[in-house]
Amino acid sequence: MNKTLPVCVLTAATAASIGLTVPAEAAVTLHADGTGSVGRDDVLQAVDWTDGRLQTSAAELDLVAETVTVATATWECVQEATGAVAVQERRTTTTSRADLVATVQRSSVTGAVTGFELQGFAADAVAVSVVEGPELDACPGSESGSESGSEDGSESGSEDGSESGSEHESGAWSRGPRSTERAQEHTGPALEIVHEGVAHPVPVERGAAA
């Protein structure tokens, strides 16, 4: 009995040690509804922490989902004097960010942090849109088509509007007969870990749903 007991204690201690040192499987899953999970190794890589710091400071991390939507509209304008056709484009890029409800996951054996379980969005997303290009259905040389704007107050000139002088010399432009075409591209959600106001992207390699 005296020889068996130390062997059993040593085995249990070894198992606990292995449970603390063997890396958890790296895995990131983020669905469109904000649910999913992120593994410990991915968290450590994103924020450049040691495992020891994660074990004591996991509650300091916020998880955020970011979605980007790009909507474009294109239409044709015809120069009345020459019959030349110019294709106009207006692009609206909307970036939406929403905090996620994240629960710390722990090993049932050691109690060590193994990652986060994502349980959905904590609140409505905050969206910011930036618009590039002329006003919808505007043509080169027109007052509304010579500038493009964004919701953040920045200004940029359109390529077609910047040459309005030469366009006026060649003749006025008018809206072409082709209908306005619209397209939309959707990217995300992408996962970010935020610490002290700094966002750290986390690559979503498997199980992501657009």
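This is a predicted model, so every value here is computed, not measured.
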S.K.: Is L63 reachable from L44 through a run of I, L, V, M, F, W or Y residues, each pair having side-chain heavy atoms under 4.5 Å apart?
M.R.: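 Yes, L44 and L63 fall within the same hydrophobic cluster.
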S.K.: Is the shortest heavy-atom distance from the side chain of V104 to the side chain of F116 under 4.5 Å?
M.R.: yes
S.K.: Under the side chain to side chain donor-acceptor pair (under 3.5 Å) test against S129, which residue among T69, T93, T94 passes?
M.R.: T94
S.K.: Under 4.5 Å between side-chain heavy atoms, counting indirect links through other Ile/Leu/Val/Met/Phe/Trp/Tyr residues: same cluster for L54 and L191 or not?
M.R.: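 Same cluster.
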S.K.: With the side chain counted from C-beta on, respond yes when Q45 and H200 share a heavy-atom pair under 4.5 Å apart, and no when they do not.
M.R.: no
S.K.: Nearest 0.5 Å, what's the CZ-CG distance between R53 and D48?
M.R.: 9.5 Å
S.K.: On a heavy-atom basis, which atom in P201 and which in A46 lie closest, and how many Å separate them?
M.R.: O-CB, 3.8 Å
S.K.: Please check if any side-chain donor atom of Q119 sits under 3.5 Å from a side-chain acceptor atom of T103, or the reverse.
M.R.: yes
S.K.: Counting C-beta onward and ignoring hydrogens, is there a side-chain heavy-atom pair between R182 and L136 closer than 4.5 Å?
M.R.: yes
S.K.: Is there a side-chain contact between D42 and I193 in this structure, where contact means two heavy atoms from C-beta onward sitting under 4.5 Å apart?
M.R.: no
S.K.: With heavy-atom distances below 4.5 Å as the criterion, would you say the side chains of W49 and L61 are in contact?
M.R.: yes
S.K.: I need the minimum non-hydrogen distance between A102 and L118, along with the two atoms involved.
M.R.: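 Scanning both residues completely, I find the closest heavy atoms to be CB-CD2, 4.0 Å.
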S.K.: Going from CZ on R40 to CZ on R106, what distance comes out if it is rounded to the nearest 0.5 angstrom?
M.R.: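 If I round to the nearest 0.5 Å, the distance is 12.0 Å.
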S.K.: Ignoring hydrogens and angles, tell me if any N or O in the side chain of R90 forms a donor-acceptor pair with the backbone of P134 under 3.5 Å.
M.R.: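 Yes, the answer is positive, given that a donor and an acceptor are paired below the 3.5 Å cut-off.
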S.K.: Should V194 and R97 count as side-chain neighbours, where that means a heavy-atom distance under 4.5 Å?
M.R.: yes
S.K.: Over all heavy atoms of both residues, which pair between P140 and W173 is shortest? Give the atoms and the distance, please.
M.R.: O-CD1, 3.5 Å
S.K.: Are any side-chain N or O atoms of S57 and backbone N or O atoms of E60, one a donor and one an acceptor, separated by less than 3.5 Å?
M.R.: no
S.K.: Minimum heavy-atom separation for L30 to A65, with atom names?
M.R.: CD2-CB, 4.4 Å
S.K.: What pair of heavy atoms forms the shortest contact from E80 to S174, and how long is it?
M.R.: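 For E80 and S174, the tightest heavy-atom pair comes out as OE2-CB, 3.6 Å.
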S.K.: Under the salt bridge (Lys or Arg N to Asp or Glu O under 4.0 Å) rule, collect the residues that match up with R175, sequence neighbours excluded.
M.R.: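 D137.
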S.K.: When rounded to the nearest 0.5 angstrom, what distance separates CZ in F121 from CG in L100?
M.R.: 6.0 Å
S.K.: Give a yes or no answer on whether the side chain of E76 reaches the backbone of P177 with a donor-acceptor pair at less than 3.5 Å.
M.R.: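 No: the side chain of E76 does not pair with the backbone of P177.
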S.K.: Would you give the length of the straight line joining atom CG of D41 to atom OG1 of T114, rounded to the nearest 0.5 angstrom?
M.R.: 10.5 Å
S.K.: Just how far is it from atom CD of E132 to atom OG1 of T72, taken to the nearest 0.5 Å?
M.R.: 11.5 Å
S.K.: As an exercise, state the distance from CD of E117 to OG1 of T35, rounded to the nearest 0.5 Å.
M.R.: 9.0 Å
S.K.: State, to 0.1 Å, how close A122 and V101 come at their nearest heavy-atom pair, and which atoms those are.
M.R.: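 Residues A122 and V101, closest heavy atoms: CA-CG2, 3.7 Å.
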S.K.: Would a 4.5 Å heavy-atom cut-off, applied to side chains only, mark E181 and V87 as touching?
M.R.: no
